[in-house]
Amino acid sequence: MTKRVLLIVGGGIAAYKASELVRLLKKAGHSVRCVMTEAAHHFVTPMTLAALSEDKVYTTLWDLKDEAEMGHIQLSRQADLIVVAPATADLLAKMAAGIADDLATTLLLATDTPVHTFPAMNVRMWRHPATSRNIAQLRADGVTVHDPDEGAMACGEYGPGRLPEPTAILAAIEAHFAAPSPASAQSIGRLSGRHILVTAGPTHEPIDPVRYLANRSSGKQGFAIAGALAAFGARVTLVAGPVTLATPAGVDRIDVQTAREMAEMVEKSLPADAAVMVAAVADWRAEAPLDQKIKKAAGGTPTLHLTENPDILVTLATSPHRPRLLIGFAAETEDVIPHATSKRTRKNVDWIVANDVSGPPGQSVMGGDANTVHLVTDTGVESWSRMDKTMVATALAARIADALDA
Ligand code: CTP
């Protein structure tokens with residue numbers, strides 16, 4: 001669906017990526033109109049953006065001709081989404097303070113169109129308390145602030161502050177448009193008539209009646225996906241490990257504890273048009289769980305003998321009832337993309353959604369509200385920018401709807 005994007009290009013070295021973003025947005029069928037700050041002119045020319053957007057590029061508030069033709073209020077009103085990329089520390093500070101001293105900041109203050117900002121700056125500027133305060137303020141004001149990527153910077157330092165790749169920015173923009181809000185009601189019903197199976201959460205593998213083996217999965221990502229698929233009109237069966245989350249609207253939920261119970265319920269829920277296996281299934285279980293609590297007095301430290309659990313995803317991939325679209329998740333702590341790519345082939349699935357689950361408890365993707373995922377398909381790897389898990393869910397639901405329609 002064609003949308004109108006107003007792209008505000010700030011003045012940072014990453015401004016060169018704006019040209020590629022314009023090209024990708026146009027290729028995706030959207031119309032793009034660009035506004036540049038004064039500083040942006042030092043990094044990219046209006047001519048480049050005008051050629052790629054096939055439209056005039058707006059640069060100054062004082063161009064009377066523009067005000068007669070197209071005032072700054074109309075510029076923002078005529079957009080479905082305003083994207084600020086790169087959003088410099090200076091531009092974010094002005095937005096947070098409500099300063100309107102050029103065309104970009106004036107139309108950002110004058111708009112009620114949704115605004116997505118993609119900050120890019122030196123790592124120390126990103127970590128400065130003033131920037132953190134401005135970002136917190138902008139988020140409180142309803143502006144979507146995407147986290148920058150981490151990596152080597154043009155200034156020679158390393159850390160967070162890089163503008164995400166244009167493909168990742170495009171994915172975030174598409175996720176915004178795909179969100180089933182009243183503004184994009186065309187998503188509703190896109191999956192009606194489809195049955196989709198989702199697994200979510202951890203599994204608990206008993207050791208004795210009071211102890212179990214588990215992992216830190218919260219189930220949030222899987223529940224969000226089940227909810228998004230139901231919002232798109234699918235009949236959703238959610239096989240959930242032990243979590244404390246509310247069942248999303250319109251979802252049929254089956255609660256299980258162990259991997260073997262999850263495997264059995266997945267099997268019973270077939271056939272399905274698609275399956276999204278988000279659960280962090282325990283790879284092993286205690287070989288011989290005890291009926292009574294293991295007592296310290298029994299002498300010495302007990303030895304736990306483990307045995308492998310069935311791989312539900314592999315079983316599904318080889319089943320005569322294999323869903324047409326089979327999607328696995330990959331929870332990785334290193335070499336995320338290579339591991340996910342080989343997991344896709346090894347498990348014979350169509351897509352793998354890979355996420356980096358490293359990091360200390362409380363700061364990891366596991367249990368958190370945001371996720372940075374890489375979608376690995378037969379055509380390659382798409383890295384999406386860091387988003388709220390509900391946004392990841394909506395973007396994935398939109399991709400599933402596209403694939404099942406194809
Ligand atoms: N999975 C499954 N059954 C298992 C283990 C994993 O269905 N017993 C599914 C998960 O739901 C996920 C995918 O397989 O969709 C990958 O899970 P992950 O834990 O990342 O990989 P593993 O298969 O456990 O491989 P490894 O431990 O080597 O990373």
Side-chain angles (χ1 to χ4, degrees), residues 196-206 212-226 229 236-243 245 253-270 272 274-287 306-319 321-323 325-359 364-367 371-377 381 389 392-393 396-397 399-400:
I196 304 187
L197 185 57
V198 179
T199 65
T203 60
H204 284 184
E205 309 297 331
Y212 56 82
L213 292 168
N215 58 61
R216 296 190 192 281
S217 169
S218 63
K220 283 180 191 168
Q221 186 64 86
F223 273 58
I225 289 170
L229 292 166
V236 180
T237 305
L238 171 64
V239 183
V243 293
L245 299 172
R253 171 175 178 172
I254 303 171
D255 283 314
V256 297
Q257 291 285 321
T258 67
R260 285 188 294 176
E261 286 167 15
M262 187 174 273
E264 189 189 333
M265 288 305 149
V266 163
E267 170 77 37
K268 280 200 173 139
S269 305
L270 295 171
V276 194
M277 312 298 275
V278 196
V281 184
D283 290 322
W284 301 280
R285 65 178 185 276
E287 196 172 52
L306 301 178
T307 187
E308 203 167 325
N309 268 328
D311 192 310
I312 306 167
L313 187 54
V314 170
T315 311
L316 204 51
T318 51
S319 153
H321 301 294
R322 183 193 195 279
L325 181 65
L326 184 55
I327 305 170
F329 261 63
E332 308 292 348
T333 54
E334 58 180 354
D335 300 332
V336 177
I337 294 172
H339 277 149
T341 308
S342 72
K343 211 168 261 182
R344 184 184 159 269
T345 334
R346 186 158 38 87
K347 296 206 177 196
N348 190 22
V349 297
D350 300 299
W351 301 350
I352 286 278
V353 181
N355 45 193
D356 185 340
V357 293
S358 58
S364 155
V365 160
M366 277 197 164
N371 203 356
T372 310
V373 305
H374 310 273
L375 181 64
V376 184
T377 68
V381 181
K389 285 182 176 172
V392 172
L396 190 66
R399 296 297 293 266
I400 293 171

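Atoms within each ligand, like the ligands themselves, are counted from 1 in listed order. Just so it is clear, the model here is predicted, and its values are computed rather than measured. The analysis underlying the following values was restricted to heavy atoms, covering all of them including side chains, and did not include hydrogens, waters or symmetry mates.
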Residue selection (non-hydrogen contact nearest atom 9 (C) of ligand 1) among L313, I327, V278: L313

What protein heavy atom sits nearest atom 23 (O) of ligand 1, and how far off is it? K347 NZ, 2.4 Å

In Å and rounded to the nearest 0.5 Å, what is the CE to CD1 distance from M262 to I254? 10.5 Å

If every non-hydrogen atom of S319 is compared with every non-hydrogen atom of L270, which pair is closest and at what distance? OG-CD1, 4.2 Å

Note the single closest protein heavy atom to atom 11 (O) of ligand 1, along with its residue, its atom name and the distance in Å. A279 O, 2.7 Å

Nearest non-hydrogen protein atom, atom 8 (N) of ligand 1: P310 O, 2.9 Å

Nearest to atom 3 (N) of ligand 1, what protein heavy atom do you find, and at what distance? I312 N, 3.0 Å

At their closest point, which heavy atom of V281 faces which heavy atom of A259, and how far apart are they? CG1-CB, 3.5 Å

Nearest non-hydrogen atom to atom 15 (O) of ligand 1 belongs to which of R260, R344, M277? M277

Less than 4.0 Å between a side-chain N and a carboxylate O, is that true for K268 and E264? yes

Could you check whether any side-chain N or O of T199 sits under 3.5 Å from a backbone N or O of V278, counting only pairs where one atom can act as donor and the other as acceptor? yes

Nearest protein heavy atom to atom 24 (O) of ligand 1, by residue and atom, and its distance? D283 OD1, 2.9 Å

Ligand-side contact atoms (ligand 1) for residue partner G328, heavy atom cut-off under 4.0 Å: 15 (O)

Heavy-atom count check: over 12 atoms from other residues, nucleotides or ligands less than 6.0 Å from R260 CZ? no

Could you tell me whether atom 19 (O) of ligand 1 has at least one protein heavy atom nearer than 4.0 Å? no

Verdict with reasoning, Q257 to Y212, per side-chain contact (heavy atoms from CB on, under 4.5 Å): CA-CA 10 Å; Q257 291 285 321; Y212 56 82; over 6 Å; no

Out of Q221, K220, K389, which residue meets the side chain to side chain donor-acceptor pair (under 3.5 Å) rule with N371? Q221

Quick one: nearest non-hydrogen protein atom to atom 26 (P) of ligand 1, plus distance? K343 NZ, 3.9 Å

A330 near ligand 1, heavy-atom distance under 4.0 Å? yes

Nearest-neighbour protein heavy atom for atom 17 (O) of ligand 1, which is reported as residue plus atom name and distance: F329 O, 3.6 Å

